[in-house]
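Heads up, the thing below is written out as structure tokens.
Read the numbers this way: they start at 1 and go in the same order the structure lists the ligands and their atoms. Atoms considered below: every heavy atom in the structure, side chains included; atoms not considered: hydrogens, waters and symmetry mates.
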Amino acid sequence: MALQIYFSIISFAVFALCTSAQNYFSVNFSYAGPNGPEKWGSLSPSYAVCSNGKAQSPVNLMKTDIVLNKQLKNLDRHYLPTNATLVNNIFNIGVHFEGKVGDININGKNYSLKQLHWHSPSEHMANGCIHDAELHLVHLTQDNDIAVVAVLYKLGDPDPIISQIEDKLVELRKKTRAGNMDDLIALGTIDVEEINRSSHRYYRYVGSLTTPPCKEGVTWSILGKLRTLSKEQLELLKAPLGAEFKHNARPLQQLNGRKIEMYYHPNHLHGTRATQFEYHE
Ligand SMILES: *[C@@H]1O[C@H](CO)[C@@H](O)[C@H](O)[C@H]1NC(C)=O
Ligand SMILES: *[C@@H]1O[C@H](CO)[C@@H](O)[C@H](O)[C@H]1NC(C)=O
Ligand SMILES: *[C@@H]1O[C@H](CO)[C@@H](O)[C@H](O)[C@H]1NC(C)=O
Ligand SMILES: *[C@@H]1O[C@H](CO)[C@@H](O)[C@H](O)[C@H]1NC(C)=O
């Protein structure tokens, strides 16, 4: 009896400690080891689709699986400068928006940008090539249908979006080293106008979230333009993450008969090998 009380005091104390860093303790999946990607489906009944789903992400954008779809519309994005918060999601670094940033329209549905986050290396592969990082812009409808716009990066010139948050990433690194895993850092106004521009080319397929619960029915649009970020920026995005999350790309998933559709701006179609996979605009 005394022992039981002793344990309940301990668990209460642990619980009280954990509430200040809830994210950290509620993440029980990893990218390697016993809770690695091949085990995600068994960590929770709500993660089952991670193992038994048939339409999972990421996938390899192989040119032999890509079909041009002339019905696809230009992926117009209109994002306004908006107040945002830097968040250490433990398994990646993200930016959450408070107000209305902007919408994309897919098949007549409005999806609003809610948050963005980075993975490295890239999760989607371009014709078998892994790139250095991948940005996910997560959009939701009012019914919580999900559409993610993905941007692949290689190392090179600094990325203007990450440049806006570099100081705060340094601050986040310091806080993390001091053990404050739960800290949110106000960013002030963030302008994602760089990704405002419409794309000449994007790849569309229906897949899933790339982290548990791996929910399916996610509409993916992977932009055809390969962007760059600097080595320092990539280091800043990794620095606050634990060793098991510094490499946070889920392995490729089977297409299982899914087609990857390509949008290609009509003005760029003439005389080009339109169905060929290229990472340029
Ligand atoms: C892993 O986390 C999920 C979500 O918080 C939870 O439902 C599940 O019970 C956890 N699994 C284990 C084995 O701790
Ligand atoms: C981004 O879109 C918004 C809304 O349409 C517009 O006001 C703004 O000027 C655009 N920015 C750029 C750089 O195109
Ligand atoms: C999408 O949102 C815009 C403005 O945010 C609105 O003008 C438009 O009617 C909406 N479209 C749909 C299909 O809800
Ligand atoms: C921006 O967000 C921060 C943190 O949530 C808040 O303190 C601040 O008042 C917000 N600023 C505006 C202009 O909404």
Side-chain angles (χ1 to χ4, degrees), residues 3-59 85-98 114-121 123-124 134-148 150 172 175-176 179-185 206-220 237-254:
L3 203 61
Q4 243 166 30
I5 290 167
Y6 177 75
F7 275 121
S8 57
I9 289 168
I10 295 267
S11 40
F12 180 75
V14 168
F15 177 74
L17 277 177
C18 291
T19 50
S20 65
Q22 207 167 17
N23 281 345
Y24 186 74
F25 291 95
S26 65
V27 173
N28 57 16
F29 66 90
S30 182
Y31 286 88
N35 291 351
E38 62 293 347
K39 295 285 159 43
W40 288 357
S42 58
L43 294 177
S44 164
S46 61
Y47 295 175
V49 73
C50 297
S51 300
N52 63 23
K54 292 284 177 277
Q56 291 285 296
S57 294
V59 297
T85 309
L86 184 63
V87 184
N88 185 347
N89 290 317
I90 306 306
F91 48 93
N92 63 38
I93 299 300
V95 171
H96 290 191
F97 297 100
E98 282 129 48
K114 297 293 181 194
Q115 53 107 331
L116 54 85
H117 61 261
W118 289 269
H119 293 266
S120 73
E123 298 205 293
H124 287 90
E134 183 168 334
L135 168 66
H136 289 163
L137 298 144
V138 182
H139 300 70
L140 299 180
T141 62
Q142 285 188 335
D143 302 329
N144 290 328
D145 284 346
I146 306 168
V148 184
L172 184 64
K175 286 188 182 223
T176 306
N180 301 332
M181 304 300 287
D182 59 329
D183 274 327
L184 306 176
I185 298 178
V206 178
S208 73
L209 298 178
T210 62
T211 52
C214 310
K215 183 178 184 296
E216 294 191 340
V218 175
T219 303
W220 283 89
L237 290 173
K238 285 174 182 280
L241 304 175
E244 68 275 43
F245 298 111
K246 286 194 195 292
H247 175 291
N248 55 10
R250 186 188 193 194
L252 290 177
Q253 305 294 304
Q254 296 293 330

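- The proximity of F29 to ligand 1, defined as any non-hydrogen pair under 4.0 Å, does not occur for either the backbone or the side chain.
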### Message
As a quick check of understanding, evaluate side-chain contact (heavy atoms from CB on, under 4.5 Å) for I146 and H139, giving each step before the final call.
### Response
CA-CA 6 Å; I146 306 168; H139 300 70; over 6 Å; no
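- Regarding atom 5 (O) of ligand 1, its nearest protein heavy-atom neighbour is S26 O, 4.0 Å.
- Within the set N35, L43, N28, the minimum heavy-atom distance to atom 14 (O) of ligand 1 is found for N28.
- Under the 4.5 Å side-chain criterion, counting only non-hydrogen atoms from C-beta, N88 is in contact with L241.
- Aromatic ring centroids of W40 and Y47 lie 6.0 Å or more apart.
- Among protein heavy atoms, the minimum distance from atom 7 (O) of ligand 1 is reached at S44 OG, 3.2 Å.
- The shortest N or O to N or O distance between S46 and ligand 1 is not under 3.5 Å.
- Applying the ring-ring contact (aromatic ring centres under 6.0 Å, His included) test to H119 and every residue at least two apart in sequence or in another chain returns H117, H136.
- Proximity of K114 to H96: side-chain heavy atoms (C-beta onward) are nowhere separated by under 4.5 Å.
- When only non-hydrogen protein atoms are considered, atom 3 (C) of ligand 1 lies nearest to Y47 OH, 3.4 Å.
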